[in-house]
J.: 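Quick one: the structure is below, questions incoming.
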2 protein chains.
Amino acid sequence: MARAATTTDAFNAVAEPRRREILDALAGGELAVSDLTERLGLAQPQVSKHLRVLREVGLVDVRDDGRRRLYRVNGVPLRAVHAWVAQYERLWNERFDLVADVLDELTQAATAGETETTEGD
Amino acid sequence: MARAATTTDAFNAVAEPRRREILDALAGGELAVSDLTERLGLAQPQVSKHLRVLREVGLVDVRDDGRRRLYRVNGVPLRAVHAWVAQYERLWNERFDLVADVLDELTQAATAGETETTEGD
DNA sequence: CAAACGTATACCCATATGGGAATGTGTCAA
DNA sequence: TTGACACATTCCCATATGGGTATACGTTTG
């Protein structure tokens with residue numbers, strides 16, 4: 001069965017580092033394929049293929065400009081990812097609260113006995 | 001080269017639907033492998049394998065309980081995903097603003113002629 | 001029209017994936 | 001100790017992936 005097709009959803013499309021690079025590059029504005037190949041240091045066919053995946057999940061839009069093709073980001077499909085991940089924000093915040101509490105206790109204990117506390121790193 | 005190893009980062013780990021299901025199930029609290037196999041309707045080895053991936057990227061922690069193993073979520077690695085996706089929040093908000101503008105115009109045009117506007121849905 | 005340019009596709013291939021089935025390992029019960 | 005139980009690991013395999021290279025397609029230029 002292998003992994004679910006990467007063209008299925010934004011989760012998979014974005015799991016590929018190169019595709020994230022492409023989106024990051026496009027975040028600055030429209031770019032042609034040649035621009036992307038240059039910035040990514042990747043061959044043109046590979047870039048086109050990644051762009052195809054991104055297009056199929058709706059993460060980028062294309063516009064014809066003569067013999068060039070200008071791509072632009074469409075962040076909308078990322079909403080699903082964002083929404084899902086956001087659910088776990090609470091969980092890691094709890095973790096950090098715990099760490100903060102421990103640090104707090106340590107700091108108090110230290111300041112209680114000494115004036116010099118271990119603040120460095 | 002195939003795709004980057006799924007055990008590499010949270011992005012890849014979470015790209016797999018089953019693993020997201022596992023995390024969602026664990027979001028309610030600690031669960032044993034058997035609980036997960038039951039909820040996911042997936043065979044035990046597969047669940048264990050997914051858990052391994054999740055463990056390797058730090059998305060879950062394990063605790064021994066007799067002959068069982070209790071897993072719990074650790075959302076921290078999702079921070080990176082959250083942070084990356086959040087960058088694009090602006091982009092889709094812009095999109096929605098555009099849609100909102102259009103809707104606004106339509107609404108105004110409609111209210112100009114009629115009293116009943118399409119507010120439903 | 002032909003040549004050059006910018007992209008998209010097709011094809012080949014090494015590799016990772018995820019499910020299925022069998023087996024290994026550690027723990028509790030009799 | 002033996003057997004049942006819970007889980008992890010291993011092996012097998014069909015398939016998807018992503019890069020490399022060659023090539024097809026559409027557009028602009030001469």
Side-chain angles (χ1 to χ4, degrees), chain A residues 1-26 30-72, chain B residues 1-26 29-73:
Chain A
M1 299 272 172
R3 186 187 296 182
T6 163
T7 64
T8 301
D9 55 33
F11 281 96
N12 277 291
V14 158
E16 167 63 44
R18 300 308 187 112
R19 286 198 281 267
R20 258 175 286 153
E21 286 183 39
I22 290 180
L23 292 177
D24 289 340
L26 292 177
E30 274 186 340
L31 284 181
V33 178
S34 55
D35 301 324
L36 290 169
T37 66
E38 204 173 321
R39 299 202 187 191
L40 298 188
L42 198 58
Q44 175 267 311
Q46 277 60 288
V47 173
S48 284
K49 277 187 275 190
H50 282 308
L51 284 171
R52 180 165 218 261
V53 173
L54 292 173
R55 229 187 316 148
E56 288 182 346
V57 301
L59 276 169
V60 298
D61 293 327
V62 211
R63 181 168 73 86
D64 276 27
D65 175 41
R67 52 187 160 188
R68 299 196 309 161
R69 291 209 162 180
L70 301 180
Y71 284 81
R72 73 190 304 259
Chain B
M1 298 272 173
R3 187 187 294 183
T6 163
T7 62
T8 300
D9 54 33
F11 280 97
N12 277 292
V14 157
E16 167 64 43
R18 301 306 188 120
R19 286 197 281 266
R20 258 175 286 152
E21 286 182 42
I22 290 180
L23 291 177
D24 288 339
L26 293 177
E30 275 186 339
L31 284 181
V33 178
S34 56
D35 300 325
L36 289 170
T37 66
E38 203 173 325
R39 298 202 187 192
L40 298 189
L42 197 60
Q44 176 265 313
Q46 275 61 286
V47 173
S48 284
K49 277 187 274 191
H50 282 308
L51 285 170
R52 180 163 217 260
V53 174
L54 293 172
R55 229 188 315 150
E56 288 182 345
V57 299
L59 276 169
V60 298
D61 293 327
V62 211
R63 181 168 73 86
D64 276 27
D65 174 43
R67 50 186 161 185
R68 299 196 310 159
R69 290 208 161 181
L70 301 180
Y71 284 81
R72 73 190 304 258
V73 191

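In what follows, chains are A, B, ... by sequence order, proteins preceding strands, each numbered from 1. For the numbers below, each heavy atom of this structure counts, side chains included, while hydrogens, waters and symmetry mates do not.
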J.: Once side chain to side chain donor-acceptor pair (under 3.5 Å) is applied, do any residues pair with A:Arg63, and if so which ones, sequence neighbours excluded?
T.: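 A:Arg63: side chain to side chain donor-acceptor pair (under 3.5 Å) contacts with A:Glu30.
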J.: Can you check nucleotides 5-8 of chain D for protein contacts, nitrogen or oxygen pairs under 3.5 Å, and list what you find?
T.:
unit_1	atom_1	unit_2	atom_2	d
D:dA6	O4'	B:Arg67	O	3.4
D:dC7	OP1	B:Val33	N	3.1
D:dC7	OP2	B:Ser34	N	2.7
D:dC7	OP2	B:Ser34	OG	3.1
D:dA8	OP1	B:Tyr71	OH	2.4
D:dA8	OP2	B:Ser48	OG	2.5
D:dA8	N7	B:Gln44	NE2	2.6
D:dA8	N6	B:Gln44	OE1	3.3

J.: Just jot down the side chain to side chain donor-acceptor pair (under 3.5 Å) partners of B:Glu21, sequence neighbours excluded, or say none.
T.: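 B:Glu21 satisfies side chain to side chain donor-acceptor pair (under 3.5 Å) with no residue once adjacent residues are dropped.
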J.: Taking only residues two or more places apart in sequence or in another chain, which ones pass salt bridge (Lys or Arg N to Asp or Glu O under 4.0 Å) with B:Arg20?
T.: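 Applying salt bridge (Lys or Arg N to Asp or Glu O under 4.0 Å) to B:Arg20 gives A:Asp9.
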J.: With side-chain hydrogen bond (donor to acceptor under 3.5 Å, both in side chains) as the rule and sequence neighbours excluded, what pairs involving residues 41-51 of chain A come up?
T.: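 Applying side-chain hydrogen bond (donor to acceptor under 3.5 Å, both in side chains) to every pair that reaches into residues 41-51 of chain A, excluding sequence neighbours, yields A:Arg19-A:His50, A:Gln44-A:Ser48.
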J.: May I have the distance from A:Gln46 (atom CD) to D:dG20 (atom C1'), rounded to whole angstrom?
T.: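 Rounded to the whole Å, the gap is 6 Å.
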J.: Quickly work out the A:Glu38 CD to C:dT7 P distance and round it to whole Å.
T.: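 To the nearest whole Å, that distance equals 11 Å.
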J.: Which value, rounded to the nearest 0.5 Å, describes the distance between A:Asp61 atom CG and A:Arg55 atom CZ?
T.: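 Going from CG on A:Asp61 over to CZ on A:Arg55, the span is 10.5 Å.
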J.: If I take atom CG in residue B:Asn12 and atom C1' in nucleotide D:dG18, what distance separates them, rounded to the nearest angstrom?
T.: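 Rounding to the nearest Å, CG of B:Asn12 and C1' of D:dG18 are 13 Å apart.
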J.: Separation of B:Leu36 atom CG from C:dG19 atom P, in whole Å?
T.: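 Checked: the CG to P distance equals 14 Å.
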J.: When the nearest nucleotide of DNA chain D is assigned to A:Asp65 and to A:Leu42 on a heavy-atom basis, which residue is associated with the more 5' position?
T.: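 The residue mapped nearer the 5' terminus is A:Leu42.
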J.: Without decimals, in angstroms, what is the distance between A:Ile22 CD1 and D:dG19 C1'?
T.: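 That distance rounds to 13 Å.
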J.: Ignoring backbone atoms, establish whether B:His50 has a side-chain N or O less than 4.0 Å from OP1 or OP2 of C:dG19.
T.: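 Answer is yes, contact under 4.0 Å.
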J.: For residues 32-39 of chain B, dump all side-chain donor-acceptor pairs below 3.5 Å to protein atoms at least two apart in sequence or in another chain.
T.:
unit_1	atom_1	unit_2	atom_2	d
B:Asp35	OD2	B:Ala32	N	2.9
B:Thr37	OG1	B:Ser34	O	2.7

J.: Please give, in whole Å, the distance from C:dG6 C1' to A:Leu31 CG?
T.: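 Going from CG in A:Leu31 over to C1' in C:dG6 covers 15 Å.
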